[in-house]
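Worksheet: the structure to be examined is printed underneath.
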Amino acid sequence: MQKAGCSFGDNFIKAVHCDKLISGGYVRGEGIIVCSNHMNIQDEVNQVVIHELIHAYDDCRTWIGLIVLIMLVVRSIRAAHLSGDCHYKRELLRGYVKMRGHEQECVRRRVMKSVTANPYCSEAAGRDAMEAVWDVCYNDSKPFDRAP
């Protein structure tokens, strides 16, 4: 888990007495519990720990991956929009001659180019992330007063 960038403390896995008839569980931010009063043999404990560690790993990896993806999209939107990278003249030089709406189309195209260059990101996830943050990021011109 540490190789994946997931950290956990000393009490990440706890043996506890459970009132419910469950073997254990994982809760983000709290860790793994093993219901010791429902375990009869070591193999059952091992199975619960492995099962819950997989949940913890997937939770951590998905959370980190989502943050990385969203930050990539945010930075790509702002960079393409605010740098003038999608200025009409540059688009003409690239062979794009659309008259209306070329700037937003260019920004979207360049964001997807950045996202799909990442081997860990699917095009669909990138498009969803872009749509989720588009309005806020596209309209954020900081540190400029306005977009060029």
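Below, all heavy atoms of this structure are taken into account, side chains as well, without hydrogens, waters or symmetry copies.
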Kindly write out the residues that satisfy side chain to side chain contact (heavy atoms under 4.5 Å, CB included) with E105, not counting sequence neighbours, or none if the list is empty.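 Side chain to side chain contact (heavy atoms under 4.5 Å, CB included) check on E105 returns K98.
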Report the relative orientation of the aromatic rings in F12 and Y26; use parallel for angles under 30°, tilted for 30 to 60°, perpendicular for over 60°.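 Plane angle between 30° and 60°, so tilted.
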Which hydrophobic side chains are connected to L82, either touching it within the sub-4.5 Å cutoff or through other members that do?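 Besides L82, the hydrophobic cluster comprises F144, listed by chain and residue number.
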Please write out which residues are connected to I33 in a hydrophobic cluster, directly or through intermediates, given that two of Ile, Leu, Val, Met, Phe, Trp, Tyr count as joined at side-chain heavy-atom separations below 4.5 angstrom.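 Direct or chained contacts put I33 with V16.
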So [Y] and [X], do their side chains get closer than 4.5 Å, heavy atoms only?
| X | Y | answer |
| --- | --- | --- |
| R75 | S114 | no |
| I13 | F8 | no |
| V48 | M39 | yes |
| E131 | R108 | yes |
| Y88 | H102 | yes |
| E103 | H81 | yes |

Is there a donor-acceptor pair closer than 3.5 Å between any side-chain N or O of K14 and the backbone N or O of E30?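 Yes: the side chain of K14 pairs with the backbone of E30.
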With distance as the sole test, does H38 use its side chain to make a donor-acceptor pair with the main-chain N or O of K20 at under 3.5 Å?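 Yes; at least one donor-acceptor contact below 3.5 Å.
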So which heavy atom on [X] is nearest to which on [Y], and how close?
| X | Y | answer |
| --- | --- | --- |
| C86 | E91 | O-CG, 3.9 Å |
| E52 | G25 | OE1-C, 3.4 Å |
| D140 | K142 | OD1-N, 3.1 Å |
| R90 | G84 | NH1-O, 3.0 Å |
| A15 | S36 | CB-CB, 4.3 Å |
| V73 | G126 | CG2-O, 4.2 Å |

Please tell me whether [X] and [Y] are part of a single hydrophobic cluster in this structure, the criterion being side-chain heavy atoms less than 4.5 Å apart.
| X | Y | result |
| --- | --- | --- |
| V27 | L53 | no |
| I22 | I54 | no |
| Y96 | V111 | no |

Which distance, rounded to the nearest 0.5 Å, do you find between the OG of S76 and the CG of D85?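 That separation rounds to 10.5 Å.
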Crowding at CD, E123 (>12 non-hydrogen neighbours, <6.0 Å):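 No, CD of E123 has 12 or fewer neighbouring heavy atoms, counting only those of other groups under 6.0 Å.
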